[in-house]
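Notes follow once the structure below has been shown.
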Amino acid sequence: MTVALPPDIQGWAEELRRQHYPPERNHLHAHVTMFHSFAPSLFEELKDYLPKLARNFAAPCGEVSGLLDLGTGTAIALKSPQLLSLREAMADHFHGSLTAQDLYEPRPHITIQNKVTKQGARALQAELAPSITPRSFSFPALELHLYRDGPWDLIKRCPFRGSEVL
């Protein structure tokens, strides 16, 4: 499950991925992961739950805040207390059903390079650092994807349209 990016941020991040992500591994669009995976038994519940959330809440605000060192990769770091509050509510709803990978303290980001050498990642971070400036935006929608050993299949896109601010 991901949260969508606005078109200008999406296009910018896609271009950075095209330039810097190893092409043989670059099968996904630029994205912000909310949860890595859910059990298949939760599929129908997710398809009903996500539209309800999006219908009730206003689009969470976010900000590009710099770069994030992933060790063998580079990401655009994001700040969004509202998004983290939404994720926490979702994690509470699915308590006991989350995978170990989704029990971590989330760090919202957009991966633009991964599975390179540490030296390659640090070189890209040094190159990009001067051009990464704070930018405010709103996340327009929640998205549910199905992974099939390659690009994801989009199952459902749920635009935020509520008035409640997290």
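Side chains are part of it too, since the values below use all heavy atoms of this structure and drop only hydrogens, waters and symmetry mates.
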(request) Could you tell me whether a side-chain N or O of Ser65 sits under 3.5 Å from a main-chain N or O of Ala77, the two making a donor and an acceptor? (result) yes

(request) Assign the ring pair Phe137 / Phe139 to parallel, tilted or perpendicular, where the plane angle (0 to 90°) is split at 30° and 60°. (result) perpendicular

(request) Please report the shortest heavy-atom distance between Pro106 and Leu84, naming the atom on each side. (result) CG-CD2, 3.7 Å

(message) Quick one, Leu128 and Leu16 - any side-chain contact, counting heavy atoms below 4.5 Å?
(response) yes

(request) Indicate the atoms forming the closest heavy-atom contact of Pro51 with Cys158, along with that distance. (result) N-SG, 3.7 Å

(request) Examine Phe43 and Trp152 and state if one hydrophobic cluster contains both, with Ile, Leu, Val, Met, Phe, Trp and Tyr joined whenever side-chain heavy atoms are less than 4.5 Å apart. (result) no

(request) Determine whether more than 12 heavy atoms belonging to other residues, nucleotides or ligands lie under 6.0 Å from atom NE2 of His29. (result) no

(message) Once rounded to the nearest 0.5 Å, what's the spacing between atom CG of Asn56 and atom CZ of Phe160?
(response) 11.0 Å

(message) On a heavy-atom basis, which atom in Leu28 and which in Asn26 lie closest, and how many Å separate them?
(response) O-OD1, 3.3 Å

(request) Check whether any side-chain N or O of Thr33 sits under 3.5 Å from a backbone N or O of His36 as a donor-acceptor pair, and report yes or no. (result) no

(message) Looking at every heavy atom in both Ala4 and Arg157, which two are closest together, and how far apart are they?
(response) CB-NH2, 3.6 Å

(request) Kindly work out whether a path of hydrophobic side-chain contacts (I/L/V/M/F/W/Y, heavy atoms less than 4.5 Å apart) joins Leu68 to Ile76. (result) no

(message) Would a single hydrophobic cluster contain both Leu83 and Val165, if residues Ile, Leu, Val, Met, Phe, Trp and Tyr are joined by side-chain heavy-atom contacts under 4.5 Å?
(response) no

(request) Using a 4.5 Å cut-off on heavy atoms from C-beta on, say whether the side chain of Met90 contacts that of Leu50. (result) yes

(message) When you compare the side chain of Arg55 with that of Arg161, does any pair of heavy atoms fall below 4.5 Å?
(response) yes

(request) Identify the two heavy atoms, one from Ala30 and one from Ile110, that lie closest to each other, and give their separation to 0.1 Å. (result) CB-CG2, 3.8 Å

(request) Just grab all the side-chain hydrogen bond (donor to acceptor under 3.5 Å, both in side chains) pairs involving residues 77-97, residues at least two apart or on different chains. (result) Glu45-His93

(message) Do Phe38 and Thr99 make a side-chain contact, defined as non-hydrogen atoms from C-beta onward lying under 4.5 Å apart?
(response) no

(message) Taking transitive links into account, so neighbours of neighbours count too, which hydrophobic residues share a cluster with Val116 at under 4.5 Å side-chain distance?
(response) none

(message) Just verifying a value: how many Å separate Leu166 CG and Phe57 CZ, rounded to the nearest 0.5 Å?
(response) 4.5 Å

(message) Between Leu103 and Leu42, is there shared hydrophobic-cluster membership here, with clusters defined by ILVMFWY side-chain heavy atoms closer than 4.5 Å?
(response) yes

(message) Donor-acceptor pair, distance only, cut-off 3.5 Å: does the side chain of Asp102 make one with the backbone of Ser37?
(response) yes

(request) Could you tell me whether Arg107 atom CZ has more than 12 heavy atoms of other residues or ligands within 6.0 Å of it? (result) no

(request) Please step through side chain to side chain contact (heavy atoms under 4.5 Å, CB included) for the pair Thr72 and Thr117, ending with a clear verdict. (result) CA-CA 5 Å; Thr72 58; Thr117 65; over 6 Å; no

(message) Using a strict threshold of under 4.0 Å (side-chain N to carboxylate O), is an ion pair present between Glu14 and Arg17?
(response) no

(message) Ignoring hydrogens, what is the shortest heavy-atom contact between Pro134 and Glu63? Give both atom names and the distance.
(response) CB-OE2, 3.3 Å

(message) Nearest 0.5 angstrom please: Leu154 CG to Glu143 CD, how far?
(response) 5.5 Å

(message) With rounding to the nearest 0.5 angstrom, report the CG to CG distance, Leu46 to Leu144.
(response) 5.5 Å

(message) Applying side chain to side chain contact (heavy atoms under 4.5 Å, CB included) to Asn114 and Arg25, what does each step give before you reach the verdict?
(response) CA-CA 9 Å; Asn114 205 3; Arg25 294 187 179 102; over 6 Å; no

(message) When you group the ILVMFWY residues by side-chain heavy-atom contacts below 4.5 Å and let the links chain together, are Met34 and Ile155 in the same group?
(response) yes

(request) Flag the pair Ile9 / Arg135 as yes when at least one side-chain heavy-atom distance between them is below 4.5 Å, and no otherwise. (result) yes

(message) Can you tell me how far apart CZ (Arg122) and CG (Leu67) are? Round to the nearest 0.5 Å.
(response) 12.5 Å

(request) Hey, could you give me the NE2/CD distance between His31 and Gln10, rounded to the nearest 0.5 Å? (result) 10.0 Å

(request) Please check if the distance between the ring centroids of Tyr49 and Phe94 is under 6.0 Å. (result) yes

(request) Measure the shortest side-chain to side-chain distance between Thr111 and Tyr21 over non-hydrogen atoms and say whether it is less than 4.5 angstrom. (result) yes

